Number of protein chains: 2
Amino acid sequence: MTQKPFHHGNLRAVLLDEATMVLRESGVDGLSLRDLARRAGVSHGAPRSHFVDRQSLLDALAELGFDRLTVAVRTALGGAGDLSARFGRVARAYVDFAIDDAALMELMFQAKATGRPGRIEEAAGALFSTLDGALGARSAEGDDESRDVFKMLFAATMQGIAALVASGRIERAQGDRLVDAAMETMLGSALGMRAVTSS
Amino acid sequence: MTQKPFHHGNLRAVLLDEATMVLRESGVDGLSLRDLARRAGVSHGAPRSHFVDRQSLLDALAELGFDRLTVAVRTALGGAGDLSARFGRVARAYVDFAIDDAALMELMFQAKATGRPGRIEEAAGALFSTLDGALGARSAEGDDESRDVFKMLFAATMQGIAALVASGRIERAQGDRLVDAAMETMLGSALGMRAVTSS
DNA sequence: CCTATTTTCTAGACACCGCCTAGATTGAGC
DNA sequence: GCTCAATCTAGGCGGTGTCTAGAAAATAGG
């Protein structure tokens, strides 16, 4: 058996992995640099070489979270199907992610609140532009402002539903039904508007 | 000048007051029992007579938060005006509260997530039944399920908008516009697109 | 190949925190 | 007035994040 080498080699990745797991089952409060170091089998000061701060570790986690969410949304968007079907998939993917990784989601959003510009903004931007493109395909005719409003309203509603489910206020199945209802009213009103104006 | 009395007298209230302020400007992480004790001019162990836990203090804060939100919603609901006007006021009051006391709001909802039954549930229930009554007055005609869906969708959307604003992703003014748009689409689709066609 | 430099990790220290305990002080009820 | 429960003090324990000095290993340059 090999002696534990002085250099771990890929501590950073291991720490992030471990942190992701801890985050899932213990929340942000259960995350401690010292504990992560212990799990990785290094001294308590080792993580400092990769993350100056505890916040720095949290930021990195948030960034990875945005990447993952972006991928999820993109694949949900990519498949074939009706327009509302694709939107429904996106919505569900979004909500699912927010529920399964509630603590991560929290991190991702409060990260922007603290306002540190950085790679997080970039990752978040990627997600938003993805969403933007999808919505742009929908209402090529609508004016820019109403498109923006629709986009934000979409995001807000998904976020809200996810929050309700994640906080245990409503069941997951109900959450799905809510997603459907939301899509219906939003798309319905939007499409209705178009029909009215075009007639 | 009077000597500092051994018995503070109303430590509990002072601690809660101080905690509310700290919560507003430093978030949950900035809340420490020892710091609160220092601010109140008592020893670091004193708060323990009133709050066994740190969590216990947080729970008390959440409960007060629900009370305040309920009052805000109730007064917004009480005034005169059009049906959609009153709804708009409620929505705005809800969002305003969630923005001004974002950390408190977070506490209130994660408190339910941890699932401890107690007075928080009670306070939260009061808020919800208030909202319920208001929504019940609206759609006396709709079936129960659609009413429930509408209620939850309403709450979710408000929550989501508040989260977007609180996280600094969108401006407050945009948040207000979002609230209007949300009310429009939701009431519109529910009431037969009256609002939509009028825009 | 050998040396200089940079990165990575160890180890110890400091201040802070939540929580626990023993004991002093006070106010209230008998 | 005396007892008793509530309140507050003071000290200690283990845990944490952060800082520092220095050892160890990878990397680069001659």
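Here is how names work: the chains are called A, B, and so on, in the same order as the sequence lines, proteins then strands, and each is numbered from 1. None of these values were measured; they are calculated from a predicted model.
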Exercise. Any side-chain N or O of S43(A) under 4.0 Å from OP1/OP2 of dT10(C)?
Worked result: yes

Exercise. Closest approach of S43(A) and P47(A), non-hydrogen atoms and distance?
Worked result: O-CD, 3.7 Å

For this session: Examine dT7(C): is either OP1 or OP2 under 4.0 Å from a nitrogen or oxygen in the side chain of H50(A)? Give yes or no.
Result: no

Exercise. Is there a path from I99(A) to L164(A) through hydrophobic residues (I, L, V, M, F, W, Y) whose side chains come within less than 4.5 Å of each other?
Worked result: yes

For this session: Figure out the CG/P separation between L15(A) and dG17(D), and round it to whole Å.
Result: 12 Å

Exercise. When every nucleotide of nucleotides 12-19 of chain C is labelled 5' to 3' by its protein contacts under 4.0 Å (heavy atoms), B for base, S for sugar-phosphate only, - for none, what sequence of letters results?
Worked result: BB---BBB

Exercise. Out of V90(A), T157(A), I161(A), which one pairs with V179(A) under the side chain to side chain contact (heavy atoms under 4.5 Å, CB included) rule?
Worked result: I161(A)

For this session: Measure the distance from CG on L11(A) to C1' on dA25(D) and round it to the nearest whole Å.
Result: 14 Å

Solution key, residues 18-33 of chain A side-chain donor-acceptor pairs under 3.5 Å, sequence neighbours excluded:
residue: T20(A); atom: OG1; partner: L16(A); partner atom: O; Å: 2.7
residue: R24(A); atom: NE; partner: D101(A); partner atom: OD1; Å: 3.3
residue: R24(A); atom: NH2; partner: D101(A); partner atom: OD1; Å: 3.4
residue: S32(A); atom: OG; partner: R34(A); partner atom: N; Å: 3.3
residue: S32(A); atom: OG; partner: D35(A); partner atom: N; Å: 2.9

For this session: Please state how far atom CZ in F51(B) lies from atom P in dC20(C), giving the value in whole angstrom units.
Result: 16 Å

Seminar exercise, completed: Heavy-atom nearest pair, F97(A) first then G65(A), reads CZ-O, 3.6 Å

For this session: Find the distance L36(A):CG to dG17(D):C1' and express it as a whole number of Å.
Result: 13 Å

Exercise. Can you tell which of V71(B), L104(B), L61(B), I120(B) makes a side chain to side chain contact (heavy atoms under 4.5 Å, CB included) with F66(B)?
Worked result: I120(B)

Seminar exercise, completed: In whole angstroms, the gap separating C1' of dC9(C) from CG of N10(A) amounts to 14 Å

